[in-house]
Number of protein chains: 2
Amino acid sequence: MRLPKLSKLELQIMDALWSGGPLAIREIQETFPQKGRPAYTTVQTMVYRLEVKKALRRARKIGNAHIFEALISRDAAQRRLVDDFLGMFGGRMQPVMAQLIEAGNLTTKDVADAEKLLRDLSKKRKDA
Amino acid sequence: MRLPKLSKLELQIMDALWSGGPLAIREIQETFPQKGRPAYTTVQTMVYRLEVKKALRRARKIGNAHIFEALISRDAAQRRLVDDFLGMFGGRMQPVMAQLIEAGNLTTKDVADAEKLLRDLSKKRKDA
DNA sequence: TAGCATCTATTACGATTGTAGGTGGATTAA
DNA sequence: TTAATCCACCTACAATCGTAATAGATGCTA
């Protein structure tokens, strides 16, 4: 698996690493809001599993605690996520966009940004 | 669960019902491409589970075969899907859009359509 | 009506995910 | 040095999903 599938909780753990640099399990755990924070060993289990999936690795040790760092990029993980998501819709963008808009998740600004990004991107591709 | 979470395969099954009206298991199974089509009993199992989740129900019988019909709308299911998906991104639209565009999933036309839909929608809301 | 085809219903199993307890070793604070 | 913490590691377990086999009932056909 070059790009392992990550669950929501796994994503949240990776997010801690992506945002906060190499962290110990305890630190990862504490990035969760107190309300509904998973147990230390729950985080630990997920970290171990992410290690098996090669999504992160032990970078070094401080005292007897391991410090973990991400091995896959946020971008790559998100790409995978988006792909799976689109797969759910049979790869058709249209219903996805419609849904996003109707649910009010997508604002005028989001669309404007998208437009700009598209323009920039097509320009870059022409240049290259 | 008013809106049960549906997996990809479950979605595909519901899709058959949404598109093709009430169907028997055999008919649902046959909506899958020959290549990689799941076994009859696999579809059967999923249909039974969808029944437990109240996503569909037995509408009537033809011979000894049950005919199933959807109980939840495609729209509602997709809404749930999108919500979960956004939850994966912490609810932030921006990285989602960026990802979609950079991966080339989103075309100029998609964005134009989105724009139009947004305009129509905001108009409707003003009118109401 | 006998037999074949088809369907239903039940059961099973491995993988993944979320959840966490327990045990024992390492660190640290007193 | 000893007790309180903290951490690592292992094990467990329920739920969900995808996969399907098997067995028994029903219906269609010759």
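Chain letters run A, B, ... following the sequence lines, proteins first and then strands; every chain starts at 1. All values derive from a computational prediction rather than experimental measurement.
Going from atom CD1 of B/Ile13 over to atom P of D/dG18 covers 9 Å, rounded to whole Å. Atom P of nucleotide D/dA15 and atom NZ of B/Lys5 are separated by 18 Å, given to the nearest angstrom. For B/Arg58 and C/dC7, the CZ to P distance is 14 Å, given to the nearest whole Å. Note: CG (A/Leu9) to P (C/dG18) measures 5 Å, nearest angstrom. When the C1' atom of D/dT26 is taken as reference, atom CG of B/Asn64 falls 5 Å away, rounded to whole Å. Atom NZ in A/Lys61 sits about 8 Å away from atom C1' in D/dA8, given to the nearest Å. Counting to the nearest Å, the P atom of D/dA8 and the CD atom of A/Gln29 are 12 Å from each other. With rounding to whole Å, A/Met46 atom CE is found 18 Å from D/dC9 atom P.
Residue B/Ala65 is the one, among B/Ala65 and A/Thr41, whose nearest nucleotide of DNA chain C lies closer to the 5' end (criterion: closest heavy atom). Comparing A/Thr45 and A/Gly63 by the nucleotide of DNA chain C that holds the closest heavy atom to each, the one mapping nearer the 5' end is A/Thr45.
At least one side-chain nitrogen or oxygen of B/Thr42 sits closer than 4.0 Å to the OP1 or OP2 atom of D/dA20. Side-chain nitrogen and oxygen atoms of B/Tyr40 include at least one within less than 4.0 Å of the OP1 or OP2 phosphate oxygen of C/dT8. For the pair A/Lys53 and C/dT17, the criterion of a side-chain N or O lying under 4.0 Å from OP1 or OP2 is met. A sub-4.0 Å separation between OP1 or OP2 of C/dT16 and a side-chain N or O of A/Arg49 is absent. The phosphate of C/dG18 has OP1 or OP2 within less than 4.0 Å of a side-chain N or O from A/Ser7.
Atom CZ of B/Arg57 is surrounded by 12 or fewer heavy atoms from other residues, nucleotides or ligands within 6.0 Å.
A donor N or O paired with an acceptor N or O is found under 3.5 Å between the base of C/dA9 and the side-chain atoms of B/Gln44.
Between B/Met93 atom CE and A/Leu106 atom CG the span is 5.0 Å, to the nearest 0.5 Å.
For the 3.5 Å distance criterion, the side chains of A/Arg74 and A/Ser19 qualify, holding a donor opposite an acceptor. Between the side chains of A/Tyr48 and A/Gln44, at least one donor N or O sits under 3.5 Å from an acceptor N or O.
A donor-acceptor pair under 3.5 Å links the side-chain atoms of B/Trp18 to the main chain of B/Ile72, judged by distance alone.
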